[in-house]
Amino acid sequence: MLPSILKRIYNLIKRPLVLVLLVLSILLIFQQIKLIPKFSEWFKSKPLLIENTPLVITQIKNIAELQTTQMYAELVADSTILTTAGIANSTLRSIGMIPLPLPEKRTLVLIIKGKVIAGIDLKMMTEKDLFVKEDSVSMTLPPAKILDVITNPSDIETFIESGSWSEDEVKAVKNAARRQLLEEANRQQLLQKATLRSRIIIEQLLRSMGFKKVTLQPEGTS
């Protein structure tokens, strides 16, 4: 008797419509006892709940140095050094004597194309620099700084070179050019531009992570 009843139930379940109704009934029962969410909640967007601030810090620090602004410039760096003959002739002239017929100075003029890169360093951020609550985030940005000054050898042209120049002397002229690049970057307010650009990029990053309210403030503010 029992096998016959089971067989009839089995044949009934095999019918597609009955099977669908049975599955739906089971799902409704599970929803009532809260084992699974309701159908209306299956496709609803879930609210952002980020409570793990260190995780957000790690994602941001992975960017390392955020290079936001660059300045290109072409400049002339030159140096003139008196030779031994030049020093001697200066003394001879001071006492009314005829100078020696020798080169009195060495001149080096370089045309240099360089680049200055500014941005912010995110590697030093700590948890105190970031406050996260649900879909709101407040972040203290590190100050913008010069990240690199680049003068490639291929971008350096010797315009004038008279006399013999040592490697250290040429290096000194190139270092002077780097200082000129930094001075030009300061005149063009490169750090201020990097600060503004950094704020835009960081805000876009945080919003892409799901935050709705983003507050950014410079380091040193309360």
Side-chain angles (χ1 to χ4, degrees), residues 56-90 99-126 129-130 139-209 216 218-220:
V56 182
I57 284 284
T58 300
Q59 290 177 304
I60 293 175
K61 287 174 68 174
N62 284 339
I63 302 173
E65 291 182 344
L66 180 60
Q67 301 180 0
T68 59
T69 311
Q70 298 184 6
M71 181 206 75
Y72 298 87
E74 181 176 316
L75 51 87
V76 176
D78 62 88
S79 179
T80 300
I81 300 176
L82 283 176
T83 63
T84 302
I87 297 172
N89 284 345
S90 178
L100 300 172
L102 296 172
E104 296 187 7
K105 61 183 180 180
R106 296 180 290 127
T107 301
L108 179 64
V109 180
L110 302 178
I111 299 176
I112 298 177
K113 297 176 182 178
K115 177 170 64 175
V116 181
I117 301 174
I120 58 177
D121 188 352
L122 300 171
K123 295 192 298 293
M124 303 305 295
M125 283 190 62
T126 63
D129 298 315
L130 194 72
M139 178 177 172
T140 300
L141 288 176
K145 66 179 184 178
I146 300 299
L147 299 177
D148 204 357
V149 180
I150 301 173
T151 52
N152 294 320
S154 59
D155 294 327
I156 299 176
E157 177 186 350
T158 302
F159 186 66
I160 297 174
E161 182 177 7
S162 64
S164 179
W165 289 79
S166 69
E167 184 177 339
D168 287 341
E169 289 172 333
V170 174
K171 185 178 179 180
V173 177
K174 293 178 180 179
N175 287 337
R178 290 171 65 89
R179 290 193 293 272
Q180 290 183 50
L181 283 170
L182 289 172
E183 292 171 1
E184 181 61 26
N186 185 53
R187 281 193 292 270
Q188 294 191 22
Q189 298 184 322
L190 196 66
L191 290 181
Q192 292 89 328
K193 294 175 182 177
T195 297
L196 293 174
R197 182 61 181 161
S198 297
R199 290 178 63 89
I200 294 172
I201 293 175
I202 290 295
E203 181 173 354
Q204 290 175 344
L205 171 65
L206 292 172
R207 291 192 182 279
S208 71
M209 294 169 64
L216 301 175
E219 189 174 69

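One-based numbering along the sequence shown. Because only heavy atoms are used, hydrogens play no part in the values below, and waters and symmetry mates are left out as well, while side chains stay in. Remember, it's a predicted structure, so these values are computed and weren't measured experimentally.
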Engineer: Would you call Arg207-Glu203 a salt bridge at under 4.0 Å N-O?
Structural biologist: yes

Engineer: Which heavy atom in Ala144 sits nearest to a heavy atom in Thr195, and how many Å separate them?
Structural biologist: CB-OG1, 3.3 Å

Engineer: Less than 4.5 Å apart, side chain to side chain, heavy atoms only: is that true for Leu108 and Thr158?
Structural biologist: yes

Engineer: Would you compute the distance between atom CG of Leu206 and atom CE of Met139 and round it to the nearest 0.5 angstrom?
Structural biologist: 6.5 Å

Engineer: Can you tell if the side chain of Asp78 reaches within under 4.5 Å of the side chain of Val173, non-hydrogen atoms only?
Structural biologist: no

Engineer: Distance from Ser198 atom OG to Gln67 atom CD, nearest 0.5 Å?
Structural biologist: 10.5 Å

Engineer: So, do Ile200 and Arg197 sit near enough that their side-chain heavy atoms are less than 4.5 Å apart?
Structural biologist: yes

Engineer: Indicate the atoms forming the closest heavy-atom contact of Ala177 with Ile112, along with that distance.
Structural biologist: CB-CD1, 3.3 Å

Engineer: Indicate yes or no for a side-chain donor-acceptor contact from Thr107 to the backbone of Ser162 under 3.5 Å, with no hydrogens or angles considered.
Structural biologist: no

Engineer: Give the minimum heavy-atom separation between Ala118 and Ile146, together with the two atoms involved.
Structural biologist: CB-CD1, 4.2 Å

Engineer: Given 3.5 Å as the limit, does a donor-acceptor pair link the side chain of Asp121 with the main chain of Lys123, or not?
Structural biologist: yes

Engineer: According to salt bridge (charged side-chain N to carboxylate O under 4.0 Å, His left out), who are the partners of Glu184, at least two apart in sequence or on a separate chain?
Structural biologist: Arg187

Engineer: If you define the side chain from C-beta out and look only at heavy atoms, does anything of Glu169 sit under 4.5 Å from Arg106?
Structural biologist: yes

Engineer: Determine whether Lys174 and Thr151 satisfy the following criterion, side-chain contact (heavy atoms from CB on, under 4.5 Å), listing intermediate values before the conclusion.
Structural biologist: CA-CA 8 Å; Lys174 293 178 180 179; Thr151 52; 5.7 Å; no

Engineer: Please round to the nearest 0.5 Å and tell me the distance separating atom CD1 of Ile150 and atom CD of Gln70.
Structural biologist: 7.5 Å

Engineer: What closest approach, in Å, do Gly119 and Thr68 show between heavy atoms, and which atom pair accounts for it?
Structural biologist: CA-OG1, 3.7 Å

Engineer: What distance separates Lys113 NZ from Ile156 CD1, expressed to the nearest 0.5 Å?
Structural biologist: 11.5 Å

Engineer: Looking only at heavy atoms, which two atoms of Trp165 and Val170 are closest? And how far apart?
Structural biologist: CB-CG2, 4.0 Å

Engineer: Exactly one of Ile160, Leu110, Val109 should register a side chain to side chain contact (heavy atoms under 4.5 Å, CB included) with Val76. Which one does?
Structural biologist: Val109

Engineer: Enter the distance from Arg178:CZ to Lys171:NZ here, rounded to the nearest 0.5 Å.
Structural biologist: 10.0 Å

Engineer: Taking all non-hydrogen atoms of both residues, which atom of Thr80 and which atom of Lys105 are closest, and how far apart?
Structural biologist: CG2-CD, 3.7 Å

Engineer: How long is the gap from CD1 on Ile201 to CG on Leu66, to the nearest 0.5 Å?
Structural biologist: 5.0 Å

